[in-house]
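Residue numbers start from 1 in every chain, and the chains themselves are labelled A, B, ... in the order their sequence lines are given, proteins ahead of strands.
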Amino acid sequence: MPRDDASLVSRAPAKSRRDAAEMSNERVARVLDDVADMIDLGGEGTFRAVTYRAAARAIRDLREPLGVYRDQGRLTEIEKVGPSVSAVIVELLDTGTAKRYEELVARTPPGLLDLLRVPGVGPATARTIYENLKITTIEELEDAAREGRLQQLPKIQAKTAERILQSIEQLRRRSGRSLVHHALRDAGTVLAYLREHAPAARLEIAGSLRRMAETIGDIDVLAATEAPPRAVHDVFAAYPEVERVLARGETKTTVVLRSGQQVDLRTVAPASWGAALIYFTGSKEHNVRLRHVALTRGLLLNEYGLYRVGEESGPALAGATEEDVYGALEMSWIPPELREDRGEIDAALAHRLPVLVRRPDIKGDLHTHSDWTDGRDSLEAMARRAKQLGYEYVALTDHSISLGMAKGMTVDRIRERNAVLERLDRDLRPFRVFSGCEVNIRADGALDYEDEVLLLFDVVTASIHSAMHQPKDVMTRRIVGAMRNPLIDAISHPTGRLLERRDAYEVDVDELIRVSAETGCRLEVNGGPERLDLADVSVRRAIAAGAPLVINSDAHAIGELEWMEFGVANARRGWATAAAVENTKPLDAMLAHIERRRRSERPR
DNA sequence: GCCGTTTTCGGCCCGACTGTTTTCAGTCG
């Protein structure tokens with residue numbers, strides 16, 4: 001979802017009848033989130049805001065459209081949806097807006113919601129800033145901070161003003177790109193619709209989504225058809241989720257969906273399918289290098305095919321499939337995840353591309369959460385789904401004690417939880433269920449638990465959840481300290497970045513890689529679509545240095561276990577083979593690892 | 001605003017961290 005969705009104007013509910021009839025769960029959830037923000041800004045009961053936010057989240061987790069719940073009179077069965085919220089939802093579904101929402105909009109200064117997007121600025125600060133300086137835009141906030149006006153306000157001094165300026169800069173660098181799971185969801189529904197209705201021989205997603213890039217710009221859809229492509233484009237433009245058509249030509253249509261996602265459809269003849277798929281998959285840099293390789297052989301490559309220079313109007317040497325085109329250039333076929341001009345073309349010319357890790361290579365997920373802390377499903381539901389997904393084992397790694405927000409586990413609760421896990425472990429054999437923990441690394445570098453408590457677990461991953469603004473050397477020492485404890489198996493989301501939301505904290509990743517290779521403490525490739533941490537380039541450096549990796553979903557609900565796929569894609573983008581990833585190893589290797597850990601057998 | 005009873009209000013996740021404060025408010029997760 002593009003970032004500018006966050007502005008008040010673009011987030012306002014749709015007014016037309018047609019929109020109202022089809023207001024999506026996401027759209028309703030966003031209005032409820034706005035209501036919560038505006039309640040906070042107005043200073044009326046914060047718990048009311050908490051409820052709206054909780055309802056929005058529950059709605060995002062629904063598996064059916066809200067319309068179905070309304071029609072069956074089941075709206076109040078949704079968590080946190082009572083009489084008031086359900087009335088708002090019904091109004092939204094029926095009319096596209098709601099009185100409660102309109103009233104709040106009317107008395108909230110336009111643009112004030114935007115101030116909340118600045119990390120470090122919450123409702124109280126936003127209100128102070130507005131009441132004293134009448135500031136309602138991020139631009140005005142920036143000016144005021146630069147001119148020193150901000151720090152004349154109560155509770156705001158130089159340091160706070162400085163932090164606000166930094167946050168605004170971060171915000172500026174955000175690009176309005178979508179996270180991969182959002183883009184994938186939109187792409188899936190578009191593709192399903194086209195496959196059912198459009199007269200096309202082939203349909204595929206191309207572009208950054210096919211390359212499984214960290215974040216996605218437009219969704220590119222490629223269609224092959226013998227017939228004149230007009231009919232395909234007509235069907236596409238009539239897709240019910242289309243909000244507006246930006247461009248409409250003979251072979252290309254660009255639309256914006258209700259979700260805010262832009263989608264391009266292009267059509268080609270089947271004989272050009274492979275060449276077009278390469279061209280529209282990119283990256284641009286990959287294509288440039290590829291065309292250069294073609295030219296050195298006296299060939300010309302474009303989206304229609306591969307030709308001898310000067311014979312572009314004649315028959316193509318290749319073009320129907322990607323394999324044909326790469327083959328005609330005497331190269332191996334290149335997996336889309338590698339097409340970034342980072343050496344893959346030379347490797348393909350030498351037929352020395354690595355065999356990349358695949359999702360079925362993964363034997364177990366070692367970072368998952370249950371409703372014992374901040375997850376949304378039970379230990380049993382998580383374990384059973386993990387088994388269904390074809391793994392040999394799973395570790396439930398709920399949060400440690402200091403994450404109050406996540407109901408961190410006391411020693412008593414750890415023992416109680418272990419009893420449940422032991423029963424599951426017996427019941428689901430030969431599948432194995434391990435007791436794990438995501439232990440917090442505190443500001444001073446200490447772990448939340450003493451070693452004797454860490455020994456209550458089979459699998460422990462450590463991570464940073466607080467004090468993210470420490471200097472680089474302090475932060476690095478903090479993490480390295482955890483890595484040198486042989487009871488710590490891995491470091492989760494090693495840089496703490498949240499894509500499109502928060503930069504990585506200052507940390508010497510190369511030092512983490514070095515210590516990882518030295519101690520065997522693994523570095524996690526986190527599959528959470530808003531983390532994908534480590535970044536692909538760091539994954540590649542880790543592999544080169546011989547640092548052991550582990551790919552995890554960090555799932556907080558059963559549906560999120562499939563985020564493993566994103567972690568695998570990210571590892572592939574970092575050229576990872578199965579051998580570089582520890583949790584591709586089978587159960588007996590995992591059991592041996594747990595046994596070694598129990599005896600603390602690891603270089604420190 | 002919801003929830004779950006101790007059925008008609010009181011509690012709602014709560015601790016760490018930061019910056020501004022000498023005891024706490026705001027933000028975050």
Which atom pairs link the protein and nucleotides 24-26 of chain B when you take only N or O atoms and keep those under 3.5 Å?
unit_1: B:dG26; atom_1: O3'; unit_2: A:Thr125; atom_2: OG1; d: 3.2

In whole Å, what separates the [atom1] atom of [N] from that of [M]?
N	M	atom1	result
B:dC28	B:dT23	P	25 Å
B:dC12	B:dT5	P	14 Å
B:dT21	B:dG26	C1'	12 Å
B:dT18	B:dC13	P	24 Å
B:dT20	B:dA25	P	16 Å
B:dG11	B:dT6	P	14 Å
B:dC3	B:dT8	C1'	12 Å
B:dG10	B:dA16	P	29 Å

So does [X] pair up with [Y], basic N to acidic O under 4.0 Å?
X	Y	result
A:Arg107	A:Glu102	no
A:Glu103	A:Lys99	no
A:Lys472	A:Asp508	no
A:Arg53	A:Asp37	yes
A:Glu214	A:Arg497	yes
A:Arg376	A:Asp371	no
A:Arg413	A:Asp398	no
A:Lys159	A:Glu162	no
A:Arg522	A:Glu582	yes

To the nearest angstrom, how far is [X] atom [atom1] from [N] atom [atom2]?
X	N	atom1	atom2	result
A:Arg100	B:dG1	CZ	P	5 Å
A:Glu162	B:dT18	CD	C1'	15 Å
A:His469	B:dC28	NE2	C1'	10 Å
A:Ile441	B:dG15	CD1	P	21 Å
A:Asp40	B:dG1	CG	P	13 Å
A:Arg442	B:dC28	CZ	C1'	18 Å
A:His465	B:dC14	NE2	P	19 Å
A:Lys159	B:dT27	NZ	C1'	16 Å

Out of [options], which has the shortest distance to the side chain of [X]?
X	options	answer
A:Ser466	B:dC2, B:dG19, B:dC17	B:dC17
A:Val85	B:dT20, B:dG1, B:dC28	B:dG1
A:Tyr52	B:dA16, B:dG1, B:dG29	B:dG1
A:Arg163	B:dG1, B:dG19, B:dC17	B:dG19
A:Pro119	B:dA16, B:dC28, B:dT21	B:dC28

Contacts satisfying side chain to side chain donor-acceptor pair (under 3.5 Å) that involve residues 473-485 of chain A (not counting sequence neighbours) are A:Asp451-A:Asn485, A:Gln470-A:Arg478, A:Arg484-A:Glu518

Taking only side-chain nitrogens and oxygens of [X], does any of them come within less than 4.0 Å of OP1 or OP2 of [N]?
X	N	value
A:Thr160	B:dT20	yes
A:Gln157	B:dT21	yes
A:Arg48	B:dC2	no

Nearest 0.5 Å, what's the CG-CG distance between A:Asp458 and A:Leu396? 11.0 Å

Would you check if A:Phe47 stacks with the base of B:dC2, given a 5.5 Å centroid limit and a 30° plane limit, both strict? no

Answer yes or no: side-chain N or O of A:Ser84 and base N or O of B:dG1 forming a donor-acceptor pair under 3.5 Å. no

Name the pairing partner of B:dC14, where a pair is Watson-Crick or G-U wobble with both distances under 3.5 Å, or state none. B:dG29

Worked check of side-chain hydrogen bond (donor to acceptor under 3.5 Å, both in side chains) between A:Asn526 and A:Asp533: CA-CA 5 Å; A:Asn526 187 294; A:Asp533 182 1; over 6 Å; no

Walking DNA chain B from its 5' end, the first of A:Leu116 and A:Ala158 to be reached, judged by nearest nucleotide, is A:Ala158

B:dT18, syn or anti by chi within 90 degrees of zero: anti

Within the sub-3.5 Å range, which N or O atoms of nucleotides 3-7 of chain B have a protein N or O partner, and how far apart are they?
unit_1: B:dC3; atom_1: OP1; unit_2: A:Lys80; atom_2: N; d: 3.2

